[in-house]
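Here the structure comes first, spelled out in structure tokens, and everything after it is commentary.
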Protein chains: 2
Amino acid sequence: MASREDFAMTDLFPQKGHDHSRCVDSALREAEKVCDAENARFTDMRRLVFSLIWKSHKAITAYELLDAIQAGGQRVQPPTVYRALEFLTQLGLIHRIESLNAYFGCDMPHHHHLGQYFICRQCGRVAEAVDEEMSNAVRKAARQVQFRIEATTIEIKGLCHDCATH
Amino acid sequence: MASREDFAMTDLFPQKGHDHSRCVDSALREAEKVCDAENARFTDMRRLVFSLIWKSHKAITAYELLDAIQAGGQRVQPPTVYRALEFLTQLGLIHRIESLNAYFGCDMPHHHHLGQYFICRQCGRVAEAVDEEMSNAVRKAARQVQFRIEATTIEIKGLCHDCATH
DNA sequence: TGACGTGATGTTATAATATATCATTTCTTG
DNA sequence: CAAGAAATGATATATTATAACATCACGTCA
Ligand SMILES: [Zn+2]
Ligand SMILES: [Zn+2]
Ligand SMILES: [Zn+2]
Ligand SMILES: [Zn+2]
């Protein structure tokens with residue numbers, strides 16, 4: 001992926017003409033690092049699923065992944081895909097979008113974070129934010145009601161700047 | 001439901017021994033008001049589904065509803081349940097919890113709001129908050145990245161105070 | 001009243017998403 | 001290489017959701 005510094009603050013979503021091969025390369029390198037650090041095996045299947053997820057900045061469903069793999073000639077079954085997805089999710093290399101039943105690649109798997117997801121209904125792209133103000137607001141609200149947070153799902157649907165203006 | 005004033009600030013989740021029939025009665029009255037105001041028909045099936053959802057403060061799935069209806073002797077099919085759910089959701093009488101594929105009754109259907117849901121993994125209860133600080137943080141973050149919000153999903157999983165302490 | 005139009009529900013079939021279970025293969029490590 | 005652990009293959013099935021068309025119920029107005 002392009003590194004975070006390549007974007008202005010308002011460009012959470014990647015530029016239309018960006019060099020996406022850099023996104024993919026960088027994501028793969030990061031994933032390898034994380035797997036190494038966790039002493040986890042980045043097998044061919046996991047790498048394949050991960051690469052397919054990184055084909056775009058959109059979220060992709062398990063069965064779309066399955067179809068893509070089968071289109072590549074491998075006769076793979078749902079459990080195989082779901083296992084790879086579980087593995088990648090556990091390691092934080094990808095995130096699941098609950099409201100879409102779909103997955104997309106994380107920009108910053110090395111750093112443990114509670115993310116918030118902006119999802120454009122027009123172009124389908126997903127952008128992850130790590131906004132401390134949102135996180136803090138959630139933590140504060142939880143504290144007020146004495147709720148012990150274990151996981152949060154923050155998904156924001158609408159139109160990205162590109163789609164809202166063009 | 002017990003009115004909001006019955007709870008201290010930290011009691012977003014209802015008290016264990018509360019008189020739940022009051023919750024149900026109040027919810028039904030509110031639902032009728034909303035349907036009236038919207039000139040929508042609160043049919044028997046919709047009322048039944050709504051009542052079943054309000055059987056508890058937990059979220060319930062479409063097929064659990066279906067089973068409950070069938071247990072009551074009616075031979076109803078999935079589309080019927082999903083239609084009732086869609087109707088109730090549209091009117092804001094219930095909310096869908098994306099991360100559970102389940103539904104639960106809204107406390108305050110009369111007032112248009114973006115809610116946040118606390119979900120206890122232990123007791124299964126769901127509590128809805130309408131926290132302006134969370135909403136504002138989301139709106140502000142969206143503004144910063146020039147994202148036009150159309151819907152938000154904020155689901156917070158963990159342990160409620162009761163379950164964390166007992 | 002009763003024919004009509006609309007909205008709600010019934011009915012059948014199937015699509016889409018996800019997991020349980022056991023068999024086999026691959027990897028690691030001694 | 002042998003043995004155990006981890007990953008994947010394979011089969012079956014569970015769970016969640018919708019498409020499509022038929023019928024029924026209800027309000028309206030001729
Ligand atoms: Zn890219
Ligand atoms: Zn867009
Ligand atoms: Zn109650
Ligand atoms: Zn609880």
**Study point:** Full working for salt bridge (charged side-chain N to carboxylate O under 4.0 Å, His left out) between A:Glu30 and A:Lys33
**Key:** CA-CA 5 Å; A:Glu30 286 292 327; A:Lys33 270 197 237 168; 3.6 Å; yes

**Study point:** Pair B:Arg125 + B:Asp162, salt bridge at N-O below 4.0 Å
**Key:**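 Result for this pair is yes, salt bridge flagged.
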
Are [X] and [Y] close enough that some pair of their side-chain heavy atoms sits under 4.5 Å apart?
| X | Y | result |
| --- | --- | --- |
| B:Gln116 | B:Glu128 | no |
| A:Phe104 | A:Ile60 | no |
| A:Val130 | A:Leu114 | no |
| B:Ile154 | B:Tyr117 | no |

Exercise for review: Under 4.0 Å from any heavy atom of chain B: name the first and the last nucleotide of DNA chain C that qualifies, 5' to 3'.
Suggested key: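 Listed 5' to 3', the contact boundaries are C:dA8 to C:dT12.
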
Practice item. Encode nucleotides 15-21 of chain D as B, S and - characters from 5' to 3', where the letter depends on protein heavy atoms closer than 4.0 Å: B to the base, S only to sugar-phosphate, - to neither. Key: -BBBBB-

Point to revise | Length of the line joining A:Leu66:CG and D:dA10:P, which is rounded to integer Å | key: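 In whole Å, D:dA10 P and A:Leu66 CG are 13 Å from each other.
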
Check your understanding: By salt bridge (charged side-chain N to carboxylate O under 4.0 Å, His left out), which residues pair with B:Arg41, not counting sequence neighbours?
Key ->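 For B:Arg41, no residue satisfies salt bridge (charged side-chain N to carboxylate O under 4.0 Å, His left out) once neighbours in sequence are set aside.
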
**Study point:** Pair B:Ser99-B:Lys157, side-chain donor/acceptor within less than 3.5 Å
**Key:**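 Checked: B:Ser99/B:Lys157 side chains pair up, N/O donor to acceptor below 3.5 Å.
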
Check your understanding: Who pairs with B:Ala142 by side-chain contact (heavy atoms from CB on, under 4.5 Å), at least two apart in sequence or on another chain?
Key ->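 B:Ala142 satisfies side-chain contact (heavy atoms from CB on, under 4.5 Å) with A:Phe118, B:Phe147, B:Ile149 once adjacent residues are dropped.
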
Review point. Is there any salt bridge (Lys or Arg N to Asp or Glu O under 4.0 Å) pair reaching into residues 84-106 of chain B, and which pairs are they, with sequence neighbours excluded?
Key: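 Non-adjacent pairs meeting salt bridge (Lys or Arg N to Asp or Glu O under 4.0 Å): B:Arg96-B:Glu98.
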
Practice item. Would you jot down, in residue-number order, the residues of residues 34-51 of chain B having a non-hydrogen atom under 4.0 Å from DNA chain D? Key: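 Heavy-atom contacts with DNA chain D come from B:Arg41.
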
